[in-house]
Amino acid sequence: MPLGLDKLDFAVLCSLALAVLAYFSKSKIQELLSSDDAIKVNSDSRDVVQVLRENNKNYLVLYGSQTGTAEDYAKKFGKEMAAKFSLNVMCADVENYDLENLNDLPSNVIVSLFISTYGEGDFPDGAIPFEDFLTARESGDLSNVKYTLFGLGNSTYEFFNGAAKRVEKYMNEAGATRVGPFGEADDGAGTTDEDFLTWKDSVMEELKDQLGLDEHEQVFEPSFEYKQISQGVSNEISLGEPTAQYMPNNKIEFSPEGKQVGPFDATHPYVAPITATRELFSSGDRNCIHAEFDLSGSNIKYTTGDHLAIWPSNPDEKIAKFLECFDLDADTVFSLVPRDSTVKLPFPVPTTIGAAVRHYLEITGPVSRQFIASLVQFAPKEDLKVELTELSRDRDFFAKEVTVKYLDLADALLHISHGAKWGSVPWNFLVESVPRLQPRYYSISSSSLTEKQVVHVTAVVENFPNPSLDDHQPVTGVTTNLLRNLQLAQNKEDIQKTTLPVHFSLEGPRGLFKGYKLPVHVRRSTFRLPSNTNTPVIMIGPGTGVAPFRGFVRERVKLLEKQPNTTLGKHLLFYGSRNTSDFLYQEEWPDYSKKLGDSFEMIVAHSRLENKSKVYVQDKLIERKDEIYDLVKNKGAFIYVCGDAKGMAQSVHAAFVKILSEGSEISTDDATAILKAMKPGGRYQEDVW
Ligand SMILES: Cc1cc2nc3c(=O)[nH]c(=O)nc-3n(C[C@H](O)[C@H](O)[C@H](O)COP(=O)(O)OP(=O)(O)OC[C@H]3O[C@@H](n4cnc5c(N)ncnc54)[C@H](O)[C@@H]3O)c2cc1C
Ligand SMILES: NC(=O)c1ccc[n+]([C@@H]2O[C@H](COP(=O)([O-])OP(=O)(O)OC[C@H]3O[C@@H](n4cnc5c(N)ncnc54)[C@H](OP(=O)(O)O)[C@@H]3O)[C@@H](O)[C@H]2O)c1
Ligand SMILES: Cc1cc2nc3c(=O)[nH]c(=O)nc-3n(C[C@H](O)[C@H](O)[C@H](O)COP(=O)(O)O)c2cc1C
Ligand SMILES: *[C@@H]1O[C@H](CO)[C@@H](O)[C@H](O)[C@H]1NC(C)=O
Ligand SMILES: *[C@@H]1O[C@H](CO)[C@@H](O)[C@H](O)[C@H]1NC(C)=O
Ligand SMILES: *[C@@H]1O[C@H](CO)[C@@H](O)[C@H](O)[C@H]1NC(C)=O
Ligand SMILES: *[C@@H]1O[C@H](CO)[C@@H](O)[C@H](O)[C@H]1NC(C)=O
């Protein structure tokens with residue numbers, strides 16, 4: 001068909017037209033606009049070039065992102081290109097478009113690529129088809145394409161910016177031309193923001209030249225038409241429901257018994273009941289929460305070694321401060337209408353400002369210099385404009401005034417203005433500029449053999465005093481403090497007696513989370529036990545790094561129960577904690593040992609016992625070097641490392657290099673190469689963060 005319209009498209013267009021009409025008459029069909037599905041089909045085509053042309057766009061930004069960082073920078077970049085050069089920028093996830101015709105981009109359109117690296121030098125999950133697309137290109141296939149490239153990575157990982165490096169290689173081979181430098185952000189050095197700014201400055205200079213652009217002072221170009229709605233809160237107004245399927249009028253998604261009907265995935269979380277929670281540390285100065293999520297009835301399957309993604313909401317204190325800072329009214333009802341089909345709604349609308357701040361926006365965490373720069377246009381007073389400009393231009397000044405003080409956005413602005421409000425910053429600018437609140441991943445600590453439908457997680461609570469503030473107001477993590485609040489409430493602990501740094505509403509939108517529930521989804525991993533039970537297993541997981549190994553060990557225990565004649569290879573678990581009070585699942589291990597007999601051994605290193613010197617897991621590995629060498633060299637052992645990527649995983653890797661090189665009398669380079677070669681076959685697996 002000429003316009004690529006099939007019956008479905010036509011039906012959808014009709015319903016959209018209807019919805020638009022209905023919107024202006026504020027009728028019930030309004031929710032159609034806000035449903036995820038309506039947005040997805042908003043553009044008729046998946047062909048990126050066609051969509052670009054149809055929407056009169058003259059600049060393309062594409063991103064591949066796992067946890068939203070690349071997305072955030074891509075959007076910031078796109079916004080700035082639009083604000084400074086009045087370009088019509090299309091910004092999209094590579095996941096959502098076909099790139100087959102990329103070489104037919106108009107010659108004046110440049111594509112800016114933002115790619116993060118995940119796993120072990122891999123593309124983000126959603127960008128794997130993009131990698132397939134690139135590898136299938138032959139020389140010359142992209143010879144008309146001009147691109148800029150910015151990679152997001154963390155140099156503590158072995159394959160630093162692995163995905164972006166491969167994009168560069170494939171683009172090059174296919175004949176595309178890069179504009180400006182290949183930028184590589186390094187989270188490991190904590191310089192992502194600075195790396196971006198440096199790269200951006202030089203790329204923009206180059207783009208100005210190539211495209212003949214005129215720069216003017218930044219003017220915010222909204223991607224959505226913002227509408228304040230005067231009607232009160234009705235069933236069509238989202239109050240923070242994770243997706244439209246949880247809206248009160250959306251009965252289709254519920255079975256007759258009121259059960260939620262899936263499918264559930266990374267964009268449609270399941271609101272799972274939390275059937276049990278408990279505190280795992282006994283010292284009181286730190287907290288670690290064990291939580292059990294019941295997935296029965298959701299049809300979600302998991303395998304031992306997978307991750308659970310938990311969708312958090314923000315704490316009351318941080319919400320209050322954010323609203324106060326920007327002089328916002330939580331009860332205001334608003335909607336957003338995409339200006340064209342290339343922009344997607346960031347969350348279900350219409351909704352209230354309060355719900356958006358609580359459930360949809362990442363209002364805490366470090367602030368970027370870039371963000372401060374984009375606020376200059378809205379500074380309420382001339383002196384603040386000067387101050388913001390200075391902060392955004394001087395990286396050292398910014399670090400000293402904002403970063404090292406652990407200030408989040410509201411903290412930083414109130415600090416800069418000495419407490420005066422920033423009501424001049426438009427709410428729709430905040431909606432478009434503050435990143436979306438992201439789910440957090442946790443290594444599942446149960447075994448799918450033992451707990452088929454119930455997923456356990458082990459989360460250490462992020463809460464430390466801010467050394468730079470006089471009142472030492474703590475720096476807190478969102479999800480882990482939410483879990484701790486939930487644990488205290490569920491176990492009827494006296495919250496008054498406990499000094500909680502932050503408090504949460506546990507009931508959720510319209511009571512959706514009542515009875516202790518949170519939205520979750522399962523992310524598949526490749527962290528798997530060897531299928532041959534005879535294969536020896538060496539597990540290294542200090543601190544919360546022990547989480548997946550509790551799952552592994554429970555799996556082996558269950559297997560032996562079901563098939564008592566199974567023979568198990570040697571299973572060694574190297575665990576480390578500071579003291580005995582933070583020894584995770586201390587009471588469970590003896591039981592596992594009894595059931596697994598000689599095939600299981602746990603080796604424990606404590607680092608802060610009184611009057612004892614620090615002992616780490618890697619010291620214990622070296623102590624047992626002959627046995628480890630034999631297991632790896634002669635018995636085909638599988639090695640698993642989980643937990644802190646920065647210090648621990650690297651030190652453990654170094655210990656294995658030492659053991660192999662000494663055992664085989666080879667150089668450390670050769671030993672490193674052997675370990676590297678073990679990775680693709682799954683013989684050296686890491687689950688580190
Ligand atoms: C694959 C994977 C598996 C994981 N498995 C586990 C696991 O099994 N167990 C586990 O406990 N964790 C695990 N994590 C880490 C987990 O996903 C979260 O990152 C962690 O729990 C913190 O989440 P949060 O929402 O509490 O903190 P966030 O809100 O994300 O905050 C992150 C950190 O920033 C700090 N912070 C807050 N405000 C500021 C500021 N203004 N400036 C600077 N810093 C600030 C917080 O105190 C906190 O330390 C895993 C991560 C990955 C990627
Ligand atoms: N970036 C960092 O420096 C760092 C360090 C630790 C944890 N973390 C992060 O903090 C979170 C929570 O960690 P957690 O509470 O589970 O761990 P934890 O309780 O802080 O640490 C567990 C054990 O690991 C030890 N350890 C610290 N550095 C090590 C290293 N380089 N090699 C081997 N062992 C080491 C600790 O010793 P000590 O007595 O020396 O602490 C402790 O005995 C994780 O997300 C982790 O990534 C970050
Ligand atoms: C589990 C995990 C694995 C990672 N693996 C790599 C890696 O192999 N190489 C790298 O350079 N960065 C790696 N990173 C760092 C991310 O690429 C970096 O934090 C980036 O800013 C994330 O961007 P995103 O939020 O858009 O996915 C990893 C991060 C995590 C959490
Ligand atoms: C081991 O047990 C399984 C099931 O219990 C049985 O099918 C199998 O024949 C047994 N094998 C041996 C060698 O006894
Ligand atoms: C270690 O734990 C023990 C009891 O578990 C406690 O008495 C002691 O104070 C702790 N030591 C430190 C340094 O935290
Ligand atoms: C640790 O050493 C100090 C000083 O030598 C001593 O007073 C204390 O009793 C010791 N503590 C333990 C638990 O041995
Ligand atoms: C980079 O990776 C290390 C190891 O996981 C981690 O400690 C650090 O926090 C990461 N940086 C950021 C900003 O995520």
Side-chain angles (χ1 to χ4, degrees), residues 63-75 93 114-127 150-165 184-193 195-196 280-281 283 286-288 307 362 435 438 440-443 458-464 477 480 523 525-527 540-547 574-584 604-621 641-655 679 686-689:
Y63 59 84
S65 181
Q66 186 73 32
T67 53
T69 318
E71 174 177 357
D72 187 31
Y73 281 100
K75 286 185 173 162
D93 191 332
F114 291 79
I115 300 290
S116 70
T117 297
Y118 216 68
E120 307 209 335
D122 303 324
F123 280 62
D125 293 348
F150 190 70
L152 294 104
N154 183 330
S155 60
T156 52
Y157 292 90
E158 181 178 350
F159 304 101
F160 175 51
N161 266 307
K165 282 182 177 137
E184 288 180 86
D186 184 4
D187 252 4
T191 54
T192 298
D193 212 46
D195 298 333
F196 172 71
L280 294 173
F281 287 169
S283 62
R286 286 202 305 157
N287 302 90
C288 188
H307 299 130
E362 192 87 56
Q438 292 288 333
R440 272 50 166 185
Y441 293 114
Y442 295 89
S443 303
T458 311
V460 69
V461 178
E462 301 283 345
N463 176 16
F464 59 89
T480 51
R523 179 174 185 268
S525 84
T526 53
F527 207 65
I540 299 105
T544 42
V546 81
F574 289 85
Y575 174 70
S577 71
R578 299 179 183 180
N579 192 355
T580 49
S581 55
D582 62 344
F583 191 155
L584 292 171
V604 180
H606 290 301
S607 57
R608 303 190 194 179
L609 289 180
E610 225 179 315
N611 298 347
K612 295 263 169 61
S613 52
K614 232 182 222 302
V615 183
Y616 282 161
V617 282
Q618 57 270 31
D619 304 325
K620 292 286 180 185
L621 276 172
V641 186
C642 180
D644 167 40
K646 197 173 211 152
M648 187 277 297
Q650 293 191 348
S651 309
V652 166
H653 186 266
K679 285 189 176 179
E686 288 183 312
D687 180 22
V688 293
W689 59 83

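Basis for what follows: all heavy atoms, side chains included, without hydrogens, waters or symmetry-related copies. This structure is a prediction, so every number in the text was calculated from the model and none was measured. For ligands, and for the atoms within them, numbers begin at 1 and follow the listed sequence.
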Before signing off on this row, confirm whether Glu120 and ligand 3 have an N or O atom pair separated by under 3.5 Å. no

Just heavy atoms, cut-off under 4.0 Å: does Ala605 contact ligand 2 by side chain, backbone, both, or neither? neither

Would you mind telling me if ligand 2 is within reach of the side chain of Arg608, the backbone, both or neither, using heavy atoms under 4.0 Å? side chain

Using protein heavy atoms only, decide if any is under 4.0 Å from atom 9 (O) of ligand 6. no

Between Asp644 and Trp689, does the side chain to side chain contact (heavy atoms under 4.5 Å, CB included) criterion hold? Intermediate values first, please. CA-CA 6 Å; Asp644 167 40; Trp689 59 83; over 6 Å; no

Just by distance, do the side chain of Tyr157 and the backbone of Gly162 share a donor-acceptor pair under 3.5 Å? no

By number and element, which atoms of ligand 2 are closer than 4.0 Å to a non-hydrogen atom of Trp689? 44 (C), 45 (O), 47 (O)

Among Gly576, Ser607, Ala547, whose heavy atom sits nearest atom 43 (O) of ligand 2? Ser607

Which one of Val688, Asp687, Asn154 has a non-hydrogen atom at the shortest distance from atom 10 (C) of ligand 3? Asn154

Which bit of Asp72 is near ligand 3, meaning a heavy atom under 4.0 Å away: side chain, backbone, both or neither? neither

Atoms of ligand 3 less than 4.0 Å from Thr67 heavy atoms? 24 (P), 25 (O), 27 (O)

Using a strict cut-off of 4.0 Å, indicate which atoms of ligand 3 neighbour a heavy atom of Phe159. 7 (C), 8 (O), 9 (N), 10 (C), 11 (O)

Check: Asp122 and Thr117 side chains under 4.5 Å, non-hydrogen atoms: no

Would you mind telling me if ligand 3 is within reach of the side chain of Asp187, the backbone, both or neither, using heavy atoms under 4.0 Å? side chain

Which label fits His606 and Phe583: parallel for a plane angle under 30°, tilted from 30 to 60°, or perpendicular past 60°? perpendicular

For Phe160, counting its heavy atoms only, list the atoms of ligand 3 lying under 4.0 Å from any of them. 11 (O)

Checking contacts now, so for atom 14 (O) of ligand 6, which I'm interested in, is there any protein heavy atom under 4.0 Å? yes

Does the protein put a heavy atom under 4.0 Å from atom 2 (O) of ligand 6? yes

A student comparing Val461, Thr544, Val688, Val604 should find that the heavy atom closest to atom 14 (P) of ligand 2 comes from Thr544

Using only atom types and a distance under 3.5 Å, with no angle test, would you say the side chain of Asn161 pairs donor to acceptor with the backbone of Leu152? yes

Which residue and non-hydrogen atom of the protein lie closest to atom 11 (N) of ligand 6, and at what distance in Å? Asn611 ND2, 2.9 Å

Select one of side chain, backbone, both or neither to describe which atoms of Trp689 lie under 4.0 Å from any atom of ligand 3, heavy atoms only. neither

Does even one non-hydrogen atom of Gln650 get within less than 4.0 Å of ligand 2? no

Centroid-to-centroid, Tyr73 to Phe114, below 6.0 Å? no

N or O contact, Gly162 vs ligand 3, cut-off under 3.5 Å: no

Polar proximity ligand 2 side, Ser577 side, N/O cut 3.5 Å exclusive: yes

Using distance alone, decide if ligand 3 has a nitrogen or oxygen within less than 3.5 Å of any nitrogen or oxygen in Thr69. yes

Looking at ligand 2, would His606 count as a contact under a 4.0 Å heavy-atom criterion? no

Polar contacts were defined as any N/O atom of the residue lying under 3.5 Å from an N/O atom of the ligand; does this apply to Gln66 and ligand 3? yes

Could you tell me whether some N/O pair between Ser116 and ligand 3 is separated by less than 3.5 angstrom? yes

Going by the closest heavy atom to atom 38 (P) of ligand 2, which one wins out of Lys646, Lys614, Arg578? Lys614

Would you check the N or O atoms of Ala70, main chain and side chain alike, for any that come under 3.5 Å of an N or O of ligand 3? yes

Consider every N or O of Leu152 and every N or O of ligand 3, then say whether any pair is closer than 3.5 Å. yes

